[in-house]
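Working notes, beginning with the structure itself.
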Amino acid sequence: MPITVKHRVNFYDTDAMAVVHHANYIRWFEIGRVEYLRSIGITLDQMMEDGYVFPITDVSAKYVSPGHFDEELLIEVTPTALTKAKMAFDYRVLDAETGRVLVLGHTQNVYTSRETGHIERLSDKYWIPLKAAMAKEKALKAAKAEASAQQQ
């Protein structure tokens, strides 16, 4: 199920052209991803204590419209893959007041052993809530597709 996180653009997030520096959107994707996991009962601290780290293996951003100092933004996070080996999310960063899309993005992380650095499959402690969240996301997507088909 997608979640939305509010974030206000700080002055230090902007560049000499008075717009949000492009690198900040990647940081904001992480804010959204961490909140998504927290919303399903998983914290990164727990995972790291259990020996998992989760490097980014893919990141992309399509810059649509510039953000500016003091704008309130919405970071929408939607899981696209939550498996025993990886997690992937799509993002939309929007102006909270107007709904204007600033950035569309995607990230993928793989779970690796903190000790060895090798990809490691998650234990059920994490896999069960991730699997349930992905099932909810697929059901929501199917319901939206069915409602759209019925309207046509």
*Do I75 and T4 come close enough that some side-chain heavy atom pair is under 4.5 Å?*
no
*Who passes side chain to side chain donor-acceptor pair (under 3.5 Å) against T43, sequence neighbours left out?*
Q46
*If you group Ile, Leu, Val, Met, Phe, Trp and Tyr by side-chain heavy-atom gaps below 4.5 Å, do L44 and I128 land in one group?*
no
*Shortest non-hydrogen contact between A85 and R121, atoms and distance*: CB-NH1, 3.0 Å
*In chain order, what residues pass the side-chain contact (heavy atoms from CB on, under 4.5 Å) check against A135, with sequence neighbours excluded?*
none
*With sequence neighbours excluded, give me every ring pair (Phe, Tyr, Trp, His ring centres under 6.0 Å) pair touching residues 100-135.*
Y52-Y126
_Counterpart residues, ring-ring contact (aromatic ring centres under 6.0 Å, His included), relative to F11 (two or more places apart)_ = F69
_Heavy-atom closest contact (E35 atom, I3 atom, distance)_ = C-CD1, 3.6 Å
*asked:* Within the 4.5 Å heavy-atom criterion, are L102 and V20 side-chain neighbours or not?
replied: no
*T80: what forms a side chain to side chain donor-acceptor pair (under 3.5 Å) with it, not counting sequence neighbours?*
none
_salt bridge (charged side-chain N to carboxylate O under 4.0 Å, His left out): pairs with one or both residues in residues 101-110, sequence neighbours excluded_ = none
*Would a distance-only check, ignoring hydrogens and angles, find a side-chain to backbone donor-acceptor pair under 3.5 Å from N10 to Y12?*
no
*What are the two closest heavy atoms between G99 and L94, and how far apart are they?*
O-CD2, 3.7 Å
*Any pair with a residue in residues 45-60 that passes salt bridge (charged side-chain N to carboxylate O under 4.0 Å, His left out), sequence neighbours left out, goes on the list, sorted by first then second residue, please.*
D50-K125
*Considering all heavy atoms of both residues, which atom of M48 and which atom of F54 are nearest to each other, and what is their separation?*
CG-CZ, 3.9 Å
*Do the side chains of P79 and M87 get nearer than 4.5 Å, heavy atoms only?*
no
_Do W28 and V103 have side chains that approach each other closer than 4.5 Å (heavy atoms only, starting at C-beta)?_
no
*asked:* If you define the side chain from C-beta out and look only at heavy atoms, does anything of D90 sit under 4.5 Å from L104?
replied: no
*Please go through M17's hydrophobic cluster and name the other residues, only I, L, V, M, F, W, Y counting, with side-chain heavy atoms under 4.5 Å joining them.*
V19
_side chain to side chain donor-acceptor pair (under 3.5 Å) against T107, all qualifying residues, sequence neighbours excluded_ = R33, Y91
_Sequence neighbours excluded - salt bridge (charged side-chain N to carboxylate O under 4.0 Å, His left out) pairs with any residue from residues 63-77_ = R8-D70, E71-R100, E76-R92
*According to a 4.5 Å side-chain heavy-atom criterion applied to Ile, Leu, Val, Met, Phe, Trp and Tyr, with indirect links allowed, do I42 and I31 form part of one hydrophobic cluster?*
yes
*May I ask you to list the residues sharing a hydrophobic cluster with I119, side-chain cutoff 4.5 Å, ordered by chain and number?*
V110
*asked:* Please enumerate all residues that pass side chain to side chain donor-acceptor pair (under 3.5 Å) together with Y25, with sequence neighbours excluded.
replied: none
*Nearest heavy-atom neighbours spanning L130 and L82*: O-CD1, 3.7 Å
*For the atom pair CG (L122) and NZ (K131), what is the distance rounded to the nearest 0.5 Å?*
12.5 Å
*Supply the atom-to-atom distance E120 CD to T112 OG1, rounded to the nearest 0.5 angstrom.*
8.0 Å
*asked:* Can you confirm whether H68 sits close enough to V9 that some side-chain heavy atom of one is under 4.5 Å from a side-chain heavy atom of the other?
replied: no
*Is there a side-chain contact (heavy atoms from CB on, under 4.5 Å) between D13 and H7 once you walk through the steps?*
CA-CA 11 Å; D13 293 326; H7 179 76; 3.9 Å; yes
*asked:* Between L74 and V5, is there a side-chain heavy-atom distance shorter than 4.5 Å?
replied: no
*Distance (rounded to the nearest 0.5 Å) between N24 CG and T14 OG1*: 8.5 Å
*When the aromatic ring centroids of Y36 and F89 are compared, is their separation below 6.0 Å?*
yes
*asked:* Looking at every heavy atom in both P2 and T78, which two are closest together, and how far apart are they?
replied: CB-OG1, 3.5 Å
